[in-house]
Amino acid sequence: MIGDKKVLFSGMQATGNLTLGNYLGALKNWVSLSDEYECFYSVVDMHSITIRQDPATLRKRARALLTLYIAAGLDPEKNCIYYQSHVSGHAELAWILNCFTYMGELNRMTQFKDKAAKHADNINAGLFTYPVLMAADILLYQADVVPVGIDQMQHLELTRDLAQRFNGIYGDVFTIPEAYIGKVGAKIMSLQDPSKKMSKSDENPNGSIYLMDDPDTIRRKCKRAVTDSLGEFRYSDEQPGLHNLIDIFCACTNRTPEDVVAEFSGSGYGQFKEAVGEAVVSVLDPLQKRVAELEKDKSYIDSVIKNNAEKANYYAQKTLRKVQKKVGFPEKIR
Ligand code: TYM
């Protein structure tokens with residue numbers, strides 16, 4: 001708790017072009033939860049270097065992502081929006097937690113297996129211990145709730161296990177966090193292959209809608225989305241392409257699948273795809289304009305970066321000092 005509010009933590013990587021999946025699965029929920037909780041939203045640049053990055057591009061993307069958080073509606077006066085690398089406590093706590101994590105636990109992580117297969121020439125130790133850094137992110141702020149898409153659930157389970165293990169040895173040190181998964185949009189699939197998640201690293205650009213795609217590109221990608229030959233308008237797992245489009249439509253318009261099926265049941269897929277395109281444009285177009293507007297105000301963004309890093313450091317240090325004491329590090333002489 002901070003004051004009378006529970007704590008929320010979440011983060012996003014500034015790697016690749018963000019997709020509609022990142023927005024609907026995470027960022028949109030962050031905004032809707034931001035009044036209720038004391039929130040920490042991090043641009044997790046330390047996680048990004050588990051895959052080789054061009055330094056200038058990473059810096060640029062990290063700033064663009066931080067700006068996007070604000071553009072999406074997160075007020076940096078109320079929400080702590082900051083770069084992970086500006087708070088050394090993340091790395092310090094990650095080291096300690098590494099010493100409480102078993103190799104077998106990390107070996108089971110499906111994201112590690114996927115990424116190791118994709119980057120076979122660079123299976124580094126950071127990629128392997130990535131989930132421990134993620135646990136440190138969350139536990140450092142004593143977060144109660146962590147809004148994420150379904151793909152992050154396994155990492156969150158590990159975080160809970162580590163927190164419980166540590167508390168079991170040393171007493172109540174960490175809050176045990178819960179995942180928050182949105183009702184719709186928690187797993188947006190590729191428009192070209194609805195058995196795969198929509199992903200920044202997809203080789204087929206038509207499978208993903210990028211947050212910075214222009215309106216015509218968005219409409220075209222929706223029009224070309226893979227559906228099926230059944231020709232029935234239902235919200236069913238047997239029609240994964242249509243199911244995904246209904247999820248996207250619902251998440252963009254805040255409507256329910258039942259409602260949407262009732263409205264479009266007499267229509268063809270083509271007509272619905274057009275409606276999906278318009279719904280996505282109506283969400284992303286204002287977002288893009290707001291990003292462009294904010295990017296012009298360099299000193300404002302700089303002040304957000306500075307002030308919020310200080311705030312994050314303050315809370316991070318509180319937890320870190322407690323943990324360091326528990327594990328037996330000598331007290332600093334001040
Ligand atoms: P990242 O950067 O891959 O994704 C950011 C958020 O977007 C969600 N997401 C999706 N949701 C629905 N459909 C999709 N197709 C889709 N693709 C991505 C992800 O679930 C995530 O919530 N390891 C994390 C970043 C992280 C983090 C943390 C998150 C680091 N530390 C602590 C929460 C708490 C990651 O790589 O997310």
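Remember, it's 1-based here, ligands and their atoms both numbered in the order they're listed. All residue numbers refer to positions in the sequence shown, counting from 1.
Counting heavy atoms from C-beta on, the side chains of K28 and N254 come closer than 4.5 Å. Between K311 and Y82 the shortest side-chain heavy-atom distance does not fall below 4.5 Å.
Using the six-membered ring where Trp is involved, F40 and Y315 have ring planes that are perpendicular, over 60° apart on the 30 and 60° scheme.
The cluster map of Ile, Leu, Val, Met, Phe, Trp and Tyr, joined by side-chain heavy atoms under 4.5 Å apart, puts V7 and F166 in the same cluster.
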*Could you check E310 against K306 for salt bridge (Lys or Arg N to Asp or Glu O under 4.0 Å), going step by step and ending with a plain yes or no?*
CA-CA 7 Å; E310 280 167 15; K306 180 170 179 288; 3.5 Å; yes
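Residues forming a ring-ring contact (aromatic ring centres under 6.0 Å, His included) with F9 (at least two apart in sequence, or on another chain): Y141.
Protein residues with any heavy atom under 4.0 Å from ligand 1: F9, S10, G11, M12, Q13, G21, N22, G25, A26, V44, H47, Y130, M134, D137, I138, V146, V148, G149, D151, Q152, G185, A186, K187, I188, K197, M198, K200.
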